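Following this message is one structure expressed as structure tokens.
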Amino acid sequence: MRAVYGLYPDPAAAERAMKRLRASGSTLGFDARHICLAASEPLDEFDLGWKDQKTPMPWLAALGGLIGGTSGYFLVSLTQRAYPLPTGNMPIVALWPTGIVVYEMTMLGAILTTFISLLVSARLPHWSKGVYDPAVSEGKILVGVVNPSQATHDELVKTLREAGAEEVKDFPSS
Amino acid sequence: MAAHSPEKLNEDVLRPLVRTSWRFYLTGGILASIVLAALAAFIYQVYTGIGVSGLDRPVFWGFYITNFVFWIGISHAGTLISAILRLTDARWRRPVTRCAEAITVFALLIGGMFPIIHLGRPYLFFWLFPYPSERGIWPNFHSPLLWDAFAISTYLTGSSIFLYLPTIPDFALVRDKAQGWRKKFYGFLSLGWTGTPKQWHRLEMAMRIMAVVILPVAVSVHTIVSWDFAMAPVPMWHSTVFGPYFVAGAIFSGIAALIIAMAILRKAFHLEEYLTPFHFDKLGKLLLMMSLVWAYFIIAERLTVWYGNESPEMAVYWSTQQGRFTHLFWFMVICNLAVPFLILSIKQFRNTITGPVIASTTVVIGMWIERFLIIVPPLERKYLPYSWGTYRPSWVEITITAGTFAAMALLYMIFSKLVPIISVWEMKLGWQQEGEVPRAVASQAPLPQLAPRADLPAAGN
């Protein structure tokens, strides 16, 4: 993967760069999907691509809970029938104990599904890092374009710089 | 409006990870010695038999189960408090949450050991797991002790994930600043985090879901611990109030533990700028409220027992009011109600570090005693007097108990050397939202002169 990116000192400058890239994408031969961004904190209040993101994570968590709860029910009911304990004519599979285990397993299912769906949808772990610069940890905001056309490289660098980039770099660095 | 510096925050929070003073090694050495002594005592108990403890007819639940209930209660410091504060978007929570979440994980680990320590043959604890075996036996799902296993496992899993998720961006921060083995270590823990919009969005969504899910789990855990007692027909255990009473007590002791941990971290790592009297004031108010809630439950429980006037319950009741536990009972009331009320209801005391710490210390002591008084007196005075007895802890139990407090402190020390103890990105986010970061001001400075371009939208679009 190749990229050209600028490092911006604050969210407002990054937002400006983002707008310029979106506006000049058709001229420079890329679209919004090629624009990359990295920041050391979420920037929800700025128009940087955070907004309007949809994810089925809450539904997946609910589904995970359902699967967990169902597993819990079968764990308790089937195995208690397979290994019946003397209960003095009381039900072998009793409502309340079953309900408690089902409840805990439901929650466990939801928790594990949330964790797994985070890893999958955020593409983690991602050991071979994508476009990134350690300056992001210093608070800089990285805005760039992935796999830009060589023909428009200089124009892209100019656009990023004009938007207020403190530095413009190539990835991987040459 | 205070001006905060993200660079200084990085420096202040990451400093403990790379610099270690001789005091750290000295304190760690002392704590490790106590833990080793406890380990030796435990090995001695396993080798010799459970008879070396003070557990004997009719009291088979003593210090060990007291510790179990106590530490599970302390575990409510973190995840529960953190989740509530996250859901209510309490902004003052930001420097506090990670300290709290770490307490939960370590307290659960320690608390979860006690049912095993308490077993006569601890090496057979795996019989609790439901798996087919040639023994042809199966765990009894009707037993609250098995519910404990499910509840604590779920809570430990959830709390560990709840602690880990928001540390991923901070691990990435350390990775970028570290060298050598630390770079590899934090690179591994950060999972290759780069901070793309999608990653941030998913992380925040996951944290919201986790905060919603973990709350009922936390409540269920201590409710189920209370049912270990309330499901048994033992005088003063078989009570409908035990569930909420235990949950309230857990939150109460959890907040106290959090205040103490924060004060120590603040002093040890020079985090005065981030853990301020303001935070102690807020937590002090919560502690005061929970002190009153705790007192309400104590009164509700004792009044109904006294009014019912049933002989078996009154025997237990009087053993704590006029018998051998009287001094302990009133000392508990002083620790859990009188001292916190006197200190925390006065703003001048509450709005300091010392006031809430003194109150919290007495609360932690008082809550341990409370757990002991819930467990031991009813077993000593169970129904007919011919079965009554007296419990006295042995040196083995006392050593193991001391060891767990040392283990908690040691684990917390090691954690604070490996993980940024304050969530850096959440602090920065808070400053950004409150407009307190200098660079937000810098963003209003004019940019370099831009060449006019026809293809750009008008400003403000």
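If you're wondering where the values come from, they're calculated on a predicted model, not measured in any experiment.
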inquiry  = Using the rule side chain to side chain contact (heavy atoms under 4.5 Å, CB included), only one of Val93(A), Thr79(A), Thr98(A) pairs with Phe141(B); which is it?
reply    = Thr79(A)
ask   = Does the side chain of Phe188(B) reach to within under 4.5 Å of the side chain of Pro125(A), using non-hydrogen atoms?
value = no
note = Interatomic distance, CG@Leu60(A) vs CE@Met205(B), rounded to 0.5 Å, equals 11.0 Å
Smallest separation among heavy atoms of Trp425(B) and Ser40(A), with atom names = CB-O, 3.6 Å
Salt bridge (charged side-chain N to carboxylate O under 4.0 Å, His left out) involving Asp148(B) - partner list, sequence neighbours excluded = none
ask   = So, do Ile100(A) and Phe150(B) sit near enough that their side-chain heavy atoms are less than 4.5 Å apart?
value = no
message = Taking side chain as everything from C-beta outward and backbone as N, CA, C, O, which of these in Ala94(A) sits under 4.5 Å from a heavy atom of chain B? Side chain, backbone, both or neither.
response = both
query = Is any side-chain heavy atom of Lys198(B) less than 4.5 Å from a side-chain heavy atom of Ser121(A)?
reply = no
remark   = Distance col, row Arg123(A):CZ vs Thr196(B):OG1, nearest 0.5 angstrom, shows 9.0 Å
Over all atoms of both residues, closest heavy-atom pair of Pro216(B) and Met107(A) = CG-CE, 3.7 Å
request  = Look only at the side chain of Trp193(B) and the backbone of Leu124(A), and say whether a donor-acceptor pair between them is shorter than 3.5 Å.
outcome  = no
note = One should read off an interatomic distance between Trp96(A) CH2 and Trp147(B) CH2, to the nearest 0.5 angstrom, of 10.0 Å
task = Measure distances from Leu142(A) to the heavy atoms of chain B and classify the residue's part below 4.5 Å as side chain, backbone, both or neither.
result = neither
ask   = Do Met90(A) and His142(B) have side chains that get closer than 4.5 Å, going by heavy atoms?
value = no
message = Looking at every non-hydrogen atom in both residues, tell me the closest pair between Ala172(B) and Ser137(A) and how far apart they are.
response = O-OG, 4.0 Å
query = Once you round to the nearest 0.5 Å, how far does NE2 of His201(B) lie from OG1 of Thr55(A)?
reply = 6.5 Å
ask   = Are side-chain heavy atoms of Ile209(B) and Met57(A) found at a separation under 4.5 Å?
value = yes
query = If contact means a heavy atom pair closer than 4.5 Å, which residues of residues 108-116 of chain A contact chain B?
reply = Leu108(A), Ala110(A), Ile111(A), Leu112(A), Thr114(A), Phe115(A)
message = Rounded to the nearest 0.5 Å, what separates atom CH2 in Trp200(B) from atom CD in Glu41(A)?
response = 7.5 Å
query = Hey, does Glu138(A) have a side-chain heavy atom less than 4.5 Å from the side chain of Asp176(B)?
reply = no
